[in-house]
Protein chains: 2
Amino acid sequence: MNLKELATRLGLSPTTVSRALNGYPEVNEATRERVVAAAKRHNYHPNTRAIRLATGRAMAVGHVIPIATRHEIVNPVFADFIAGAGETYSRNDYDMVLSVVPDDDEEKTYRGLKSKGNVDGVIVHAPRMKDPRIPLLREIGLPFVVHGRATGTAEPYCWLDVNNRRAFQRATEFLLDLGHVRIGLVNGLEFMDFAIRRRTGYVDALSARGIAPDPALMASGEMTEIAGFRSAQAMLALPDPATAILASSMISGMGVRRAVESAGLVVGRDVSIIIHDDDLSYMKNGEDVPIFTATRSSVREAGRLAAEMLLGVIAHPDSGPQQRLLEAELIIGQSTGPALKN
Amino acid sequence: MNLKELATRLGLSPTTVSRALNGYPEVNEATRERVVAAAKRHNYHPNTRAIRLATGRAMAVGHVIPIATRHEIVNPVFADFIAGAGETYSRNDYDMVLSVVPDDDEEKTYRGLKSKGNVDGVIVHAPRMKDPRIPLLREIGLPFVVHGRATGTAEPYCWLDVNNRRAFQRATEFLLDLGHVRIGLVNGLEFMDFAIRRRTGYVDALSARGIAPDPALMASGEMTEIAGFRSAQAMLALPDPATAILASSMISGMGVRRAVESAGLVVGRDVSIIIHDDDLSYMKNGEDVPIFTATRSSVREAGRLAAEMLLGVIAHPDSGPQQRLLEAELIIGQSTGPALKN
DNA sequence: TCAGCCATCCAAAGCGGTTTGAAGCGATTC
DNA sequence: GAATCGCTTCAAACCGCTTTGGATGGCTGA
């Protein structure tokens with residue numbers, strides 16, 4: 001059943017039927033009701049491909065996922081962000097198209113997306129310092145929103161980010177207030193923008209109390225369990241070991257916890273742990289009482305909001321670059337406690 | 001730059017240019033080269049929306065992700081599967097479109113995808129027993145491939161699955177051979193088809209050795225760290241406690257490990273653990289030496305293969321239902337050892 | 001009464017490709 | 001020399017919708 005058939009059946013022109021269904025004013029209310037009823041009765045759904053060609057809009061948003069040789073973006077955090085963004089798209093009748101491409105094809109992919117007209121805009125994931133995708137997208141004129149920020153980019157652009165610096169600053173201050181001095185940081189890879197900001201927050205908090213950051217207490221790597229384990233193990237084995245550790249994710253936090261426990265120490269008593277909790281739906285930080293004390297910010301919610309921002313930018317291309325900074329909450333769990341006097 | 005402009009510039013008709021670029025035989029080789037060169041020079045890319053309307057194909061594959069109220073499908077395993085499938089689509093110039101919808105809209109979504117012509121086929125995720133999506137998709141005539149199988153579905157359909165029964169049977173036999181008798185199963189939710197099959201394999205292996213399955217040693221729940229922890233904790237607290245535990249994923253296995261360690265026991269000596277390892281890219285089971293003994297099967301590779309199968313079905317709709325069963329390998333890690341005599 | 005004005009509807013021209021049917025033309029065949 | 005054939009190329013229809021630019025006719029107001 002297509003528009004023409006439906007129109008014939010109703011004894012109307014395709015024009016009128018189209019207008020009736022799309023809510024245009026120049027159609028008699030009685031006619032509209034008749035059309036709407038017939039459309040429902042015959043289970044008519046306009047063909048998306050035709051709409052797209054006729055309107056010149058793709059009604060779709062792209063997410064480009066590089067199959068990285070050096071760093072995996074396909075991680076649990078990404079999945080939850082996508083889920084959140086997808087909710088927004090569904091509600092707005094947009095499609096979400098994911099392009100999984102070898103990372104040296106990334107630029108070609110963005111250019112293709114634009115020139116072939118597959119999408120109306122894209123979300124940029126996991127920005128790095130001076131991320132080249134930002135000038136690229138501006139150059140080719142494809143609307144975009146960055147999830148995170150890219151330090152070192154001069155021109156303004158649309159982004160939505162968590163205040164990572166402030167979150168880690170607060171977490172560090174919290175540990176300092178508990179009397180901890182030897183505080184370790186198990187960070188993500190420090191070419192990622194968020195990791196840089198987190199370290200800044202951590203260092204700032206220490207410096208404000210006159211504590212010089214100790215390189216031995218600052219690790220950086222993939223946010224995996226095993227990496228968390230190893231980094232924490234090293235920090236606990238120091239002559240002057242860490243008594244508290246900040247971990248960059250739930251998963252690396254689990255590695256840190258394993259290191260603490262396998263050193264015969266008790267989490268929350270001998271060693272405090274604070275993680276960053278993305279509030280992943282399948283990886284809750286406890287149910288009622290959080291297991292870990294954490295800086296929490298829902299990445300799924302971030303996905304929803306970033307998608308909304310992008311749809312806004314697509315609808316109003318010259319409304320100027322929008323920006324939004326979300327604050328993480330500091331939630332107190334069972335993994336932190338006062339530093340032991342000795 | 002569109003086809004007509006390019007044709008005008010070349011002094012040719014759009015027909016010839018289109019054919020030249022699409023490799024049709026009825027065009028002079030010299031002309032074709034001229035056209036191809038001009039297309040590259042002017043950076044011409046045919047408009048996807050126009051191609052889709054003209055050919056009647058969507059050149060896209062759908063993945064419907066229900067925002068489940070009762071069960072989360074958006075999990076790490078799903079993310080890796082998607083990444084694998086996406087690789088295949090990119091190589092074949094197909095788009096991957098994800099629909100994130102409330103779970104009571106799932107049927108409506110599939111029907112819409114078909115009648116609006118957004119996709120040429122779909123992948124069905126996380127099948128349950130007698131999964132209603134299979135008859136639905138058959139009814140509306142939308143090509144599909146199921147990742148997994150749905151026990152209780154009479155008619156044949158396309159699927160790609162891991163031999164879950166055999167994998168868990170072998171794992172159980174391996175533990176039995178090591179002298180374990182009290183073997184626990186920390187399973188996924190048992191309305192999921194894969195979980196049923198795993199339990200069957202486990203029970204079969206025990207029965208073959210004359211061991212009656214003990215309900216106290218069989219848990220079922222979400223595959224989270226905390227659920228794994230709790231189930232294992234209960235099994236270790238029994239009067240006749242488990243000396244070995246099968247866990248359904250890396251994450252629940254981490255919970256099991258924590259339960260073992262926090263009971264003051266040593267993994268691989270006091271208690272053996274075998275997990276199912278989906279070989280997730282960001283959650284490796286060790287680097288050279290696996291941490292866990294595991295039944296391993298790459299879910300990413302499964303994604304690639306399922307996507308290939310679907311593209312095949314789309315290209316040859318009446319080639320009959322294809323089916324493929326992948327075997328998991330049993331890899332020996334550091335989490336298993338002989339049962340202690342006492 | 002008649003021009004002017006809404007309210008309502010329609011024909012036709014896109015959107016940018018693919019594909020069908022036919023035509024031009026030099027070479028071959030009879 | 002005419003008919004035939006193959007190789008190239010093209011004009012036009014088509015995919016299914018949106019949207020522009022009328023057309024129609026009843027109603028209002030002078």
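Below, read A as the first sequence line, B as the second, and so on, with proteins coming before strands; counting in each chain starts at 1. All values below were derived from every heavy atom in this structure, side-chain atoms included, with hydrogens, water molecules and symmetry-related copies excluded. Here the structure is a predicted model, which is why all the values come from computation and not from measurement.
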Cationic N near anionic O, under 4.0 Å, B:Arg149 to B:Asp193: no

Whole angstrom value for the distance that separates C1' of D:dA12 from CG of B:Leu3: 14 Å

Any B:Thr15 side-chain N or O less than 4.0 Å from OP1/OP2 of D:dT9: no

Distance in angstrom units between B:Ile51 CD1 and D:dG16 C1', rounded: 17 Å

Under 4.0 angstrom between A:Thr16 side-chain N/O and C:dC10 OP1 or OP2: yes

Most 5' of B:Leu53 and B:Ser13 on DNA chain D, judged by nearest nucleotide: B:Ser13

Rounded distance (Å) that lies between atom P of D:dG16 and atom CE of A:Met59: 20 Å

Between B:Phe78 and B:His63, ring centroids under 6.0 Å: no

Atom-to-atom span, CZ of A:Arg52 to P of D:dT18 - whole angstrom: 13 Å

Distance, rounded to the nearest Å, where A:Arg57 contributes CZ and C:dC15 contributes C1': 13 Å

OP1 or OP2 of D:dT18 under 4.0 Å from side-chain N/O of A:Tyr24: no

Per A:Arg19 side chain, nearest of listed nucleotides C:dG17, D:dT20, D:dT9: D:dT20

B:Thr16 and B:Ser13 side chains, donor-acceptor separation under 3.5 Å: yes

Touch class at under 4.0 angstrom, heavy-atom based, for B:Gly117 against every strand present: nothing

Carboxylate-amine/guanidinium proximity below 4.0 Å for B:Arg111 and B:Glu107: yes

5'-most by nearest nucleotide on DNA chain C - B:Arg49 or A:Val27: A:Val27

Residue mapping more 5' on DNA chain C - nearest nucleotide basis, A:Pro14 or A:Glu29: A:Glu29

C:dT8 phosphate, OP1 or OP2, under 4.0 Å from A:Asn28 side-chain N/O: yes

Spacing of B:Leu21 atom CG relative to C:dG16 atom C1', expressed in whole Å: 14 Å

Under 3.5 Å donor-acceptor, A:Arg49 side chain and B:Arg52 backbone: yes

Spacing between A:Glu26 atom CD and D:dT20 atom C1', to the nearest angstrom: 11 Å

Gap between atoms CG and P, on A:Asn47 and D:dC15 respectively (whole Å): 12 Å

